[in-house]
Amino acid sequence: MSSSARSMRELVNNLWRWTVDRLERTTIVVYKFTVPKQYVSPFGYLGTLTAIVFAILGVSGAFLMFYYRPDVELAYLSVKEIQEKVPFGFIMRNIHYHASNLMVLLAVLHLYYQYFSGRYKIKNEVLWVTGVILGVLTVLEAYTGYNLIMNQRAMLAVNIGMGLTFSAPILGPSVAPIFLGGGLFDLVIRFYALHVFILPLLMLLLAAVHFPRALIMDFPVISAVVGVIFISAGLFPAELGIKFDLTRGIVEVPEWYLTAIYAFLRAGTERFTAGALLPLLFVILFLIVPFVDRSRKLSWKDRPFFTGLGVASIALIAITTVWGFYVDFSKETAFDQLYVEPTLFYSTIGGVTLVSFYATYFYMSRQKRGVRPPPTRPIMLSPKTSTSLMITLLVFIAGAVAATFYTYSINLPNHSMFYLGIAFFLFGLLLHIYRHSLSVEERLKAQKQQQKAEITNQ
Amino acid sequence: MLQGILAAAAIVVISPFTMFINFFYRKEEERELRQKIANIRDLSPGSYIYFSYPQTGDPKVDNDPFRQYVLIMTHDGQLRVYSRVCVHLWCLPAYIPTKGQLICPCHGSIYRESDGVAVDGPAAYQSYPTNALPMGRVEVDNNGDIWMVGVEGRIGYGREWRNVKPEDLVKRV
Ligand code: HEM
Ligand code: FES
């Protein structure tokens, strides 16, 4: 290495150290980011992944604001413009849309992992409670977001939301006009303000309390998560729907995270009960868990009652969600197609929930704690294999990126997103192998040194 | 003791801010709230007029579905003003004079001209009070001018039609 290069490097290093030193004075050092040297199960840091997807939403959402118009008549047209005319608008909108789905999904998975592993104990009660509230805000944020498009589906959701707010006891009639204003022309702006500023701000404030101090940044998995956003966007591009039209009735089903509530409404349950009271009860159940489950046991295997409850809640979510999607197309009118027979509905959800609780509870109470299976021997790739694998992956990534450019140039932006997703996914894999080979190298070095030491000892 | 005084002072000094709640409600100006719609001499049983209320002169606001109303002279000569927002899913029902009903184009809810209560379609299956169109409060002066002066019920939601009779919403002044 030439001396000028070395002094250059020293300068950069010094500058880096100088900056890090000054950052000690700020709040940023409160968080300790750990980059794992080895594969660790992503279940443990699903929360960090949720936060990263939130960051992606913040960035893509801010860019969407450049073109989006919060206006009854123009909103739909502006999203259509983003989708069809704005260069890379299709991609920006699809990143935002699919990241939003992924964020809701990751938040739910994160919650259940924490639940089953009993993490809400051991002084984590505040983390748990803020987490549950963050989850609710996430769904509200997604709700306000997809209403911004002002298509038929959005209006259905707005209608249901306003209906249940109006029917809330005592406060309802005075709260609903706060969202509604003087009419839909006010409503769209208010939802916009909530979506792009008020709710994200609340979420950030809560996140500051919710984040534990040690955060795991696992780059291979982060790259794969980005890949998942692009791949799902490529496979299921976000739809525009039909501009809301006050003279046409069509069958619409809301976004998957709201169909559970929709199922209750369609079974004729009173609006406020279906849309607010029951979900609230469900959330409160989760909120109080740490204060009820006082045992010192953490693992789900040692807590059959709470595991049963968790499994039952998953079954309840699953069955109501499926009911929400159910549309009987053999019926003639939209109204009849969407009707859900209440007795059938309540008996299936009641039955499935109870059965899953008892089955889990009894099965687990009977089980003796088995011996843990012996740890499987870790796979060790030789340096040569690693190198050739990485080269192969590089070739595939280059191919996928070439396909990304090509498909975009022939105006197939969804294919383009799919290939880019594949590229990110493979890059995650490449990162993983790179990290693996580093640790193997270290192990080999250590072995060699040991051998050397043994030889000299003899 | 001192702490109590401090707490009381803090509450008193903050209390004016509770008025800020009014910020969140759009206030319609006084002069717009009393709005002339038509003259009674120009109407006959079965005739109707679509209009928006309260009118502002801003087409964006005036075209909002939540501000659309219909003035009807019913077949027995009564004046009625209804919100045009269907309490089912917010489509705009049209008045059909030959039937004496308001019929929604989306899922076929049918409202009576006499009191705006849904008698058929999805809106009719909704529970009280979400099965009736909100009504306009109307005054008719000596010249026969018809003025809309307010709204009874919640637009897009319903009206407590058992408490207030529709004929009580039409006053002669
Ligand atoms: C943090 C800052 C955020 C900003 C500034 C923002 C901004 C926007 C904007 C301008 C739109 C309208 C464009 C469009 O409809 O495509 C939008 C739509 C949307 N947003 Fe956000 N957003 C943010 C976060 C989120 C989060 C956290 C979620 C959900 C977890 C979310 C879910 C949605 C959804 C579902 C849509 C509709 C997407 C579509 O179909 O086009 N957003 N957002
Ligand atoms: S919106 Fe009027 S009947 Fe459904």
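Residue numbers begin at 1 in each chain, while the letters A, B, ... track the order of the sequences. Any value given below was found using the heavy atoms of this structure, including those in side chains, with hydrogens, waters and symmetry copies removed. Since the structure is predicted, the reported quantities are computational estimates derived from the model, not experimental observations.
- Atom CG of L246(A) is separated from atom SG of C86(B) by 10.0 Å, given to the nearest 0.5 angstrom.
- Atom NZ of K99(B) sits in a sparse spot, with 12 or fewer heavy atoms from other residues, nucleotides or ligands closer than 6.0 Å.
- The 12-atom threshold is not exceeded at CZ of F236(A), counting heavy atoms of other residues, nucleotides or ligands nearer than 6.0 Å.
- Within the 3.5 Å criterion, the main-chain N or O of P173(A) finds no donor-acceptor partner in the side chain of Y157(B).
- The part of L156(A) that comes within reach of chain B is its side chain, from C-beta onward, which places non-hydrogen atoms under 4.5 angstrom from that chain.
- Around atom CG of D76(B), more than 12 heavy atoms belonging to other residues, nucleotides or ligands sit under 6.0 Å away.
- Under a 3.5 Å cut-off, the side chain of D64(B) and the backbone N or O of G183(A) do not form any donor-acceptor pair.
- Although no hydrogens or angles enter the test, the distance criterion places a donor-acceptor pair under 3.5 Å between the side chain of R190(A) and the main chain of F24(B).
- Remark: F66(B) CZ to F185(A) CZ distance equals 11.0 Å, nearest 0.5 Å.
- Interface remark: V85(B) contributes no atoms to any contact with chain A (heavy atom separation under 4.5 Å).
- The candidate with the highest count of non-hydrogen atom pairs below 4.5 Å against chain A, out of T130(B), I155(B), L92(B), is L92(B).
- Of the two parts of L187(A), neither the backbone nor the side chain holds a non-hydrogen atom closer than 4.5 Å to a non-hydrogen atom of chain B.
- Counting non-hydrogen atoms of neighbouring residues, nucleotides and ligands closer than 6.0 angstrom, the CG atom of L201(A) exceeds 12 such neighbours.
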> Hey, mind stepping through D186(A) and R26(B) against side chain to side chain contact (heavy atoms under 4.5 Å, CB included) and telling me if it holds?
Replying inline: CA-CA 9 Å; D186(A) 265 348; R26(B) 181 176 283 276; 2.4 Å; yes
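- Within a 6.0 Å radius of NZ in K243(A), other residues, nucleotides and ligands contribute more than 12 heavy atoms.
- Here N63(B) contributes atom CG and L184(A) contributes atom CG; the two are 12.0 Å apart, rounded to the nearest 0.5 Å.
- When atom types are taken as modelled, the side chain of R154(B) and the backbone of A176(A) share no donor-acceptor pair closer than 3.5 angstrom.
- Taking a 6.0 Å sphere around CZ of F272(A), one finds it holds more than 12 heavy atoms contributed by other residues, nucleotides or ligands.
- Around atom CZ of R172(B), no more than 12 heavy atoms belonging to other residues, nucleotides or ligands sit under 6.0 Å away.
- Between N159(A) and H88(B) the shortest heavy-atom distance is ND2-O, 3.3 Å.
- Shown here is E84(A), whose CD atom has more than 12 heavy atoms of other residues, nucleotides or ligands within 6.0 Å.
- The distance from atom CE of M155(A) to atom SG of C91(B), rounded to the nearest 0.5 Å, is 9.5 Å.
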